[in-house]
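These notes are about the structure you will find just below.
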Amino acid sequence: MSDTIAAIATARGAGCISIVRLSGKKAGVIMSGMFRPAVKREKYDSHRLMYGWAIDGDGETLDEVLAVIMRAPFTYTREEVVEIHCHGGRLCAEAVLRRALELGARMAEPGEFTRRAFMNGRIDLTRAEAVMQLIGANAQAAARASLRQLEGGVSGFVKQVSEELTGLLALIEASDDFPDEVEEEAAADRVVYDLEVLIKDIRARCDVRHARLLREGASIVLAGRPNVGKSSLMNALLNRERAIVTDIPGTTRDVLTERLMIGGVLAELSDTAGRRDTQDPIEKIGVDRAIRATEAADVLLIVIDAAEALAPEDEALIRGADERAIICLNKSDLPSVVTRGALEAMTGVTICEVSAQTGQGMEALTNEIARRISADDEQDGLLMAQRHIDLALRAADQLQNAVDAIRSGMSLDTAAIDLREAMTTLGQITGQDVTEEVIDNIFSRFCVGK
Ligand SMILES: Nc1nc2c(ncn2[C@@H]2O[C@H](COP(=O)(O)OP(=O)(O)OP(=O)(O)O)[C@@H](O)[C@H]2O)c(=O)[nH]1
Ligand SMILES: [Mg+2]
């Protein structure tokens, strides 16, 4: 923490500018050794961009730059921070970075700037994690949820629960110290009642599926027997000829995955091999992979050929369908053999009549998929990071232990131990009670320069 770190903060590849960033006590001194401002100054103003040149040890120009010094503590890391805005591409920025290292800076580790912001108490762990989620977000909904976390949504929740637990611990202590004034039984009732409300609130914020949808997007998988039109539907949903389509059953062998946006939500769409018993070793592997992909799907599109009588494979898929399934009655442009009514008699699953060939019914299908995968980011206070969800659920379990202990007639003191444990668990979310190892783990997933 005592040395000055440096890194290129902008992404690799061609761009208009690249930024070299420094943070630490010597940032300003290093800047003076490598920056020649166009207008001579006695002293650099803080937070003020200056035009000039980055120069090497012999005074030769490395690049034409804009540079700024931001003095502590009003900076990202709370330390002295310098940014040098070079021309885009890697070469200029790399030359400037090399010069900074020559002058005594050290190359920053991944996430080290944000780690310093955390260590110096400017942000808590949930906000540091929000920064990373925001950089990695690839859908608007995920970005909005990360921004809310950055604004302190998760920290606020943890603080509120911790305060309520502190209140309950005080009540327990009072009933212990002043049994005449605070009657133990009344205190126990109150603690149980309040804890149950809290547990319910915590669990309501831990929607694992919703959080994963927000972070990673939904997985949509096409399944069905050979030749029913899965690959044709894949192409129709993607609006391009991605998968090979032929009238030969068993055309698709491998799982084929593509990203797409449906109703503003990022999703992965997978085409799979047609399900059937086969002796062909390659197709067999394909069928196994198809089954595995189906198990992991958020939305399962079971494709049925409307122009042919149901085969045993179709029936097996329909009967095995759960709440993730949508039945796509495909080839509805052809004279129908399988009707909607016949399927409705077999299952309660939503049925969409479509034609991958003519596009008929595709809009209704897309709307139905969108409805299933929309991850509503406006829902108040839902946790997004898996780490937070795991810890919050553990805290809820520890509170549940307290409730169970009181219910089974144990003393309030015993319950107080569980309450304290739950508070420690919650403290790990914000980073108050967190080990070095957890911190290392979190920040190592950042990019260099952030
Ligand atoms: N008339 C009509 N034909 C279709 C429709 N969808 C697909 N087909 C035809 O059905 C045949 C099989 O289509 P595919 O998309 O390859 O079927 P698949 O389910 O991917 O087949 P496998 O990869 O073998 O499992 C092709 O000849 C398609 O042109 C449709 O909506 N209407
Ligand atoms: Mg196919």
Side-chain angles (χ1 to χ4, degrees), residues 219-260 262 267-297 299-321 324-343 346-347 349-369:
S219 123
I220 307 164
V221 175
L222 287 151
R225 77 176 155 80
N227 227 33
V228 291
K230 297 178 295 301
S231 300
S232 306
L233 270 174
M234 167 103 169
N235 294 343
L237 285 166
L238 292 176
N239 246 325
R240 64 193 171 96
E241 298 305 307
R242 174 67 182 84
I244 300 174
V245 168
T246 73
D247 56 4
I248 306 163
T251 298
T252 306
R253 296 296 181 86
D254 221 336
V255 178
L256 210 66
T257 302
E258 283 292 323
R259 292 195 149 201
L260 81 167
I262 286 195
E268 270 190 346
L269 176 66
S270 300
D271 182 21
T272 63
R275 306 273 191 99
R276 65 171 168 187
D277 262 339
T278 168
Q279 292 311 311
D280 180 335
I282 302 174
E283 195 179 352
K284 236 190 174 90
I285 297 172
V287 172
D288 282 346
R289 288 190 179 181
I291 293 171
R292 259 180 284 137
T294 323
E295 284 162 0
V299 176
L300 186 60
L301 302 177
I302 298 179
V303 187
I304 303 288
D305 186 338
E308 274 185 28
L310 287 180
E313 289 94 345
D314 297 320
E315 287 177 5
L317 273 167
I318 294 169
R319 295 204 192 284
R324 301 172 301 149
I326 300 172
I327 293 181
C328 305
L329 192 51
N330 190 34
K331 309 197 189 180
S332 59
D333 53 298
L334 299 177
S336 75
V337 177
V338 182
T339 61
R340 173 186 277 273
L343 292 177
M346 292 172 71
T347 176
V349 169
T350 308
I351 299 163
C352 291
E353 287 172 77
V354 294
S355 166
Q357 198 135 328
T358 66
Q360 159 194 339
M362 288 304 293
E363 199 179 319
L365 173 62
T366 316
N367 290 341
E368 178 62 21
I369 298 174

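Everything numeric in this text was worked out from a predicted model, so none of it was measured. Ligands are counted one by one from 1 in listed order, and the atoms in each one are counted from 1 as well.
Identified under the side-chain hydrogen bond (donor to acceptor under 3.5 Å, both in side chains) test for residues 310-321, with sequence neighbours left out: Arg225-Asp314.
For Arg289 (side chain) and Asp254 (main-chain N/O), no donor-acceptor pair under 3.5 Å exists by modelled atom type.
Qualifying side-chain hydrogen bond (donor to acceptor under 3.5 Å, both in side chains) partners for Asp305, counting only residues two or more places apart in sequence or in other chains: Lys331.
Atom CD1 of Ile291 is surrounded by more than 12 heavy atoms from other residues, nucleotides or ligands within 6.0 Å.
The only option from Leu222, Val221, Asp271 that meets the side-chain contact (heavy atoms from CB on, under 4.5 Å) definition with Leu301 turns out to be Leu222. Exactly one residue among Ile302, Ile327, Val349 makes a side-chain contact (heavy atoms from CB on, under 4.5 Å) with Leu343. That residue is Ile327.
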Please step through side chain to side chain contact (heavy atoms under 4.5 Å, CB included) for the pair Asn330 and Val228, ending with a clear verdict.
-> CA-CA 7 Å; Asn330 190 34; Val228 291; 5.9 Å; no

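For ligand 1, the 4.0 Å heavy-atom shell takes in Pro226, Asn227, Val228, Gly229, Lys230, Ser231, Ser232, Val245, Thr246, Asp247, Ile248, Pro249, Gly250, Thr251, Thr252, Gly274, Asn330, Lys331, Asp333, Leu334, Ser355, Ala356, Gln357, ordered by chain and residue number.
Here the protein contributes Ser231 OG, Thr252 OG1 as N, O or S atoms under 2.8 Å from the Mg ion (ligand 2).
A heavy-atom distance below 4.5 Å is found between the side chains of Glu258 and Arg240.
In this structure, a donor-acceptor pair under 3.5 Å is present between the side chains of Ser231 and Thr252.
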